[in-house]
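Order of appearance sets the numbers: ligands from 1, and atoms from 1 within every ligand.
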Amino acid sequence: MKQGTPTDLEQFKGVGPRLKEKLERLGLCTVEDLLFHLPLRYQDRVTVRRIGSLQSGRESLVQGRIRDCRVKFGRRRSLITEIEDDTGRIVMRQFYFSNTQQQALKASHWIRCFGEVRRGPSGLEMVHPEYTAYADEPVDSSDDINRVDGDVPHLTAVYPATEGIGQPQIRRLIDQALEHVDSVAEELLPESILKANGFPSIADALRQLHHPDTATDAAGLLRFDHSARVRLAFEELLAHHLAAWQSRRRRGRQKARLIEPVGTLWQQLESKLPFTPTAAQQQAISEIRADLKRGVPAHRLVQGDVGSGKTLVAVAACLDAIEAGYQVAVMAPTEILAEQHQVNLRNWLQPLGIHVAIVLGRQRVRERRATLEAIRTGVSQLIIGTHALFQDEVEFHKLALIIVDEQHRFGVLQRFQLREKGVSDGYVPHQITMTATPIPRSLAMSLYAEMDVTTIDELPPGRTPVNTVVLSESRRDDVLERIKSACARGEQVYWVCPVIEESDVLEVQAAEKTAETLKQVLRDIPVDLVHGRMKPADKEAVMNRFRSAEVTLLVATTVIEVGVDVPNASLMVIENAERLGLSQLHQLRGRVGRGARKSFCVLLYRPPLGQLARQRLAIMKHSNDGFEIARKDLELRGPGELMGTRQTGLAQMSMADLLRDQPMLPMVRQAAETLAKDAPDRATRIIRRWIKTRMELVNV
Ligand code: ADP
Ligand code: MG
């Protein structure tokens, strides 16, 4: 009884104006939207697992006899139901339960539960599973994973959280949408690709993913290597590549200021530096110079480990632009980093007669007015700032180049805003972004396909790797001894208190308390505190005192994570290290080991350490190489988090996973190339299908 395809979801059974509105809020407006609202994962609610074979962390269906059911009193009252089959025993734990529920769970009765298995204080348990109790043994039990069971779908799709819409409801809607899949889901992959990879058609793939039937390879779906899933992941990756290429091509048609490197200013600076730039720095500089004289906007990512000297590379580009008569903006993610750039860049650039300005969030009105005036009239040549740079009141004179430092800390939107702002007389500013979150090259090429990538793969000579120790919090006294002896040798120390709760207020409180305690126990050592909620002037004052070694122990929140450069600091203590991401730990640790001295990093953790946490801290202990750490981190937890929207500035993908699907990337790139050339319309439709509203962002 298939009629025409509904154009309005209200034509669906069970959809009224209220549900329609909720769906729209989730971006589900058409039948096609529903079809491409893809499952996150699956539940096997059919196969009964033997208790002895259960693994913690897995959602499973179990069935057994109730041995005992009683209320346990403790810190929290709970109802404990012990269940056994002939292979083992598991506990069902409920914190919320009624008398009726309790009475229905009679010893020697049978029960079936579906839920996540966890390791509890007394063996395996399920907390608040879905369950049904039976007086007699339910008959259809079987251990056979391939059991064919009438029309019961073998696997149940689980969808991404849909606020206010339950899973069964979303399933019913998608089932209705599937009735129209043949007419709605247009086949966009070329026949040759489908054939070469053994991919199913788009309609078949969607049917199998949403509604696996008994013929679907269930194990394959659960393992993510089912051809339906791979096919959609391929198409999604293709969409991202095509979008990146479109944006590249668009950029190729835009105009940017021509910056022919004269190099006089750079030579003047170079002759005064106490060191020679590394070969990798020089290579990066020449790649950037080649970009800047092409007359189209450059968009280059410079990635290099912490301490690889990215600032100097950026400065070379700034000098070329300034020498050609233009302004340059340097955008940093935090005020502390912006201020530090100001200190360092002034040191380098003022002797060359260059005017450096800084724009922060909160500045005195008079000072601010003068700064803005100098920027507007072109007196200031290099302008440093946080995102405050793209406030309306900031007007540039002739902005030709934007440097975005630590780009992973900014969203796409913020970078875009600054670029927009810099457009004048039809010229789009060049953009160089720098990051110390290194990722493997093949991933970088996909993830940042709209940019050119330069990698600084060498550290300046003479750096000694930081020696990292992992210690339990209970060893604080040892740590204090280390601090005393470092300070006695004239060295300086960071003590970092990272975010423990999702609140920077609490973080600040923790840091304040730590600073107080340390002041008391380390009486002869000048201790000070810096955190994100301080006034800019106060922060700057503290950082200056630390730079001049007036303060020897600096207690800080993670505000110092990026870029801060005080070469005399040789010891860093990081609390709650087990809670931080590895790239963040690596960034933090990069604040020490910047001078010639042997440096140490102490990672304090709160026991007990889980297995994953132990492995992660071991990686930190054994490696100082940002690329290697990033790779191992990826292996341990998958790239989802590392490449979250915030870090990469790219939209999250729904089916594809860059790490898992890495082997496919060369083929995806090739397909993108062919499609963009031979079938641009189809290419656009693929982008639309997968990127939709995010398109304007990806296309910046
Ligand atoms: P990052 O890449 O982490 O931003 P920075 O640019 O802050 O690193 O450089 C770290 C330190 O190394 C700075 O003190 C900088 O002056 C110094 N530096 C940069 N290049 C060299 C070099 N070629 N030789 C020695 N020291 C260098
Ligand atoms: Mg830096």
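Side-chain atoms of Leu603 and Met620, non-hydrogen and from C-beta on, do get closer than 4.5 Å to each other.
Counting all heavy atoms, side chain and backbone alike, His430 lies closest to Asp291 at CE1-O, 4.3 Å. The two residues Gln391 and Arg368 make their nearest non-hydrogen contact at OE1-NH2, 2.6 Å.
With sequence neighbours left out, Pro460 forms a side chain to side chain contact (heavy atoms under 4.5 Å, CB included) with Thr278, Arg463.
Within the structure, ligand 1 has Gly307 among the residues with a heavy atom less than 4.0 angstrom away. Note on ligand 1: Gly304 sits outside its first shell, no heavy atom being nearer than 4.0 Å. The shortest separation from a heavy atom of Asp405 to ligand 1 is not under 4.0 Å, leaving the residue out of contact.
Contacts with ligand 1 closer than 4.0 Å are made by no heavy atom of Asn344, backbone or side chain. With a heavy-atom cut-off of 4.0 Å, Pro277 touches ligand 1 through its backbone alone. Proximity of Thr276 to ligand 1, defined as any heavy-atom pair under 4.0 Å, is confined to the backbone N, CA, C and O atoms.
When the heavy atoms of Arg591, Arg594, Gln282 are ranked by distance to atom 10 (C) of ligand 1, first place goes to Arg594.
Using a 30° and 60° split on the angle between ring planes, Trp348 and Phe275 fall in the perpendicular class, above 60°.
Ligand 1 has an N or O atom lying under 3.5 Å from an N or O atom of Gly309, backbone or side chain.
Once rounded to the nearest 0.5 Å, the distance linking CG of Leu360 with CD of Gln342 reads 7.5 Å. One distance of note links CD of Glu473 with CZ of Arg606; it measures 4.5 Å at 0.5 Å rounding.
The ligand atoms of ligand 1 that sit less than 4.0 angstrom from a heavy atom of Asp565 are 11 (C), 13 (C), 14 (O). Counting the atoms of ligand 1 from 1 in the order shown, those under 4.0 Å from a heavy atom of Thr278 are 23 (N). Those atoms of ligand 1 that come under 4.0 Å of a heavy atom in Asp305, given as number and element, are 2 (O). Heavy-atom proximity to Thr311, at under 4.0 Å, picks out these atoms of ligand 1: 4 (O), 5 (P), 6 (O), 7 (O). Close approach of ligand 1 to Val306 is summarised as follows: ligand atoms under 4.0 Å from at least one heavy atom of the residue are 3 (O).
A salt bridge does not link Glu540 with Arg545: none of the charged nitrogens is closer than 4.0 Å to a carboxylate oxygen.
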Which donor-acceptor pairs under 3.5 Å do side chains of residues 479-489 form with protein atoms, sequence neighbours excluded?
from   : atom 1 : to     : atom 2 : distance (Å)
Glu481 : OE2    : Lys484 : NZ     : 3.4
Ser485 : OG     : Glu481 : O      : 3.3
Ser485 : OG     : Arg482 : O      : 3.2
Arg489 : NE     : Glu491 : OE2    : 3.0

